[in-house]
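Chain identifiers are assigned alphabetically (A, B, ...) following the order of the sequence lines, protein sequences preceding nucleic acid strands; residue numbering begins at 1 within each chain. The structure presented is a predicted model; accordingly, all values stated were derived computationally and were not measured.
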Protein chains: 2
Amino acid sequence: MCHSPTDQHMAIAVDCVVFGLDDEDLKVLLIQRDAEPMAGVWALPGGFVLPDETLDEAASRELAEETGLTRVFLEQLYSFGAVDRDPRGRVVSVAYYALVALRDHRVRAATDARDVAWFAAADLPTLAFDHEHILDMGLQRLKGKVRYQPIGFELLPSKFTLSQLQRLYEVILERSLDKRNFRKKILAMGILEELDEVEQDVAHRAARLYRFDPDKYARLVEAGFSFEV
Amino acid sequence: MCHSPTDQHMAIAVDCVVFGLDDEDLKVLLIQRDAEPMAGVWALPGGFVLPDETLDEAASRELAEETGLTRVFLEQLYSFGAVDRDPRGRVVSVAYYALVALRDHRVRAATDARDVAWFAAADLPTLAFDHEHILDMGLQRLKGKVRYQPIGFELLPSKFTLSQLQRLYEVILERSLDKRNFRKKILAMGILEELDEVEQDVAHRAARLYRFDPDKYARLVEAGFSFEV
DNA sequence: TTGCCTTGGTGTAATCTGTACACTATATTA
DNA sequence: TAATATAGTGTACAGATTACACCAAGGCAA
């Protein structure tokens, strides 16, 4: 590849903005870099794309290698190509964003990562390279997309209460929603399956559990339905 | 750059999906390739990113070089990284989409392009590489975005009639709109400036001309307004 | 010059959707 | 059994969306 017709070769990296939701707020998963440059600095999980893998494959692989996360919602976000964004030379980064149900996944530091940790999206450390910029873009995308596509469910366990779902939107959209109106609207969509189960181990009346039904959703979309919170 | 720490070098290209609108339908600007591979085949304008330019700069430059278009709306679309998408080797393409007021811009074939022509989006020739896939994505993005952001104006001359604007949405969204409701809604937004001019050289009653006012729009957005057709 | 053709431009009533708002029910814990 | 914490429910009003039909103006051809 060093002597293709163009000889305009560059390195291509992928970086992942991984979102998680805990009871309180929106979190982002960061790794502490173990290698130079910027060893010890917090950064988005990511790395170089290998010659025989697609961009999506590279993003999944890096996420698994550096954080242990597999089988999560992962979608391309934007590509970053500032000339001097990486001190090692010309590196274009294709950024992805991932949504993870925090409680269902344990993360662990591995390849190239000294440590892995969840940080509140509103209170982040200084990040390596242009990763703050990438993260901003991820946040913007999440806020924009969560209202029009049923991706929020990816941040919850598969069985969840309506209050959890409502809190999810309140946290991401940064505004409060009316309980009765929210429940009315969400249930009227007909994309949730009402389970014969309630949450366990809570110090108050237990709430009913629901599950998102992707098939019902797909059928409704087919018929012209469009999701909107 | 051949011996950076990673040695995972690839070529990076940009490709542009250029949309234009004529009285009848939505058009896409294609070039007929002059160089191998795929000489003589129609393709999206584009080319390799140079070492000292950003992705946005590369997209503008290629568009200008191959089609003569400058100063048009140009926004990143998606990056394509299938391993075998280009026979020359590993090439990742960062795709852009552009919106052009067809009448205001003359296009001309130049560097690397044997010919340049507008094709109806609904009736395209076979395209080089994975450009049909890229074009599909561009169409999807345009349809999705035109409803929620005032980018449609980029496809019209700076002074336009409400009927032209309505036809624009009808063509892109592929459904008809009610004339009275459309005008009521658009005018109620308060983002158009009503001019003291009417269109010229028409064989019927001349329609009043309007202009999109980006400042008014920016002020409204500031105040919480959100555009929607 | 008259009439025809084409597109421009306008209002209202009915329906649907979104919003505001407060109390009772149920489980746990002290 | 009382206190507390969250679950769960309905209605009235306002605003937005939809459906719908006719007159106006200018060019053109007979």
- Donor-acceptor pair under 3.5 Å, A:Lys185 side chain vs C:dT17 base: no
- Quick one: do A:Asp23 and A:Arg103 make a salt bridge, cutoff under 4.0 Å? yes
- Message: Surrounding NE2 of B:His105 (heavy atoms of other residues, nucleotides or ligands, distance under 6.0 Å), is the total greater than 12?
- Response: yes
- Message: Keeping A:Asp213 on the side-chain end and A:Lys216 on the backbone end, is there a donor-acceptor pair under 3.5 Å?
- Response: yes
- Message: Is it the case that the side chains of B:Glu75 and B:Tyr97 hold a donor-acceptor pair, with the cut-off being a distance below 3.5 Å and no angle test?
- Response: yes
- Item | DNA chain C-proximal residues of residues 159-178 of chain A, any heavy atom under 4.0 Å | A:Asp178
- For the salt bridge (charged side-chain N to carboxylate O under 4.0 Å, His left out) test, which of B:Glu197, B:Glu194, B:Glu199 pairs with B:Lys159? B:Glu197
- Message: What I'd like to find out is whether the side chain of B:Lys145 reaches to under 4.5 Å of the side chain of B:Ile151, using heavy atoms alone.
- Response: yes
- Please give, in whole Å, the distance from C:dT7 C1' to B:Lys179 NZ? 7 Å
- Message: Give me each pair satisfying side-chain hydrogen bond (donor to acceptor under 3.5 Å, both in side chains) with a member in residues 112-121 of chain A, each pair once, sequence neighbours excluded.
- Response: A:Asp34-A:Arg114
If you restrict it to nitrogen or oxygen atoms, what contacts under 3.5 Å exist between nucleotides 27-30 of chain C and the protein, and what is each distance?
none

- Message: For a 4.0 angstrom threshold against heavy atoms of chain A, report the outermost contacting nucleotides of DNA chain D in 5' to 3' order.
- Response: D:dA5 to D:dT11
- Task: Please tell me if the side chains of A:Tyr217 and A:Leu192 come closer than 4.5 Å, counting only heavy atoms from C-beta onward.
- Result: no
- More than 12 heavy atoms of other residues, nucleotides or ligands under 6.0 Å from CD of A:Glu228: is that the case? yes
- Note on the structure: One would report the end-axis bend of the helix from C:dT1-D:dA30 to C:dA30-D:dT1, five pairs per end and rounded to 10 degrees, as 10°
- Want to settle it: does B:Arg183 or A:Arg180 sit nearer the 5' end of DNA chain C, counting the closest nucleotide to each? B:Arg183
- Task: Could I get the full list of side-chain contact (heavy atoms from CB on, under 4.5 Å) partners for A:Arg183, not counting sequence neighbours?
- Result: A:Leu162, A:Ser163, A:Lys179
- Message: Using a heavy-atom cut-off of 4.0 Å across all strands, would you classify B:Arg208 as base, sugar-phosphate, or nothing?
- Response: sugar-phosphate
- Measure the distance from CZ on A:Phe182 to P on C:dA20 and round it to the nearest whole Å. 16 Å
- Message: Distance check needed: C:dC16 P versus B:Asn181 CG, whole Å only.
- Response: 16 Å
- Query: So, are A:Arg61 and A:Glu65 salt-bridged, with charged N and O less than 4.0 Å apart?
  - Reply: yes
- Please examine the side chains of A:Val17 and A:Tyr96, heavy atoms only from C-beta on, and report whether any two atoms are closer than 4.5 Å. no
- Message: Is the ring pair B:Trp42/B:Phe119 parallel, tilted or perpendicular, if the boundaries are 30 and 60 degrees?
- Response: perpendicular
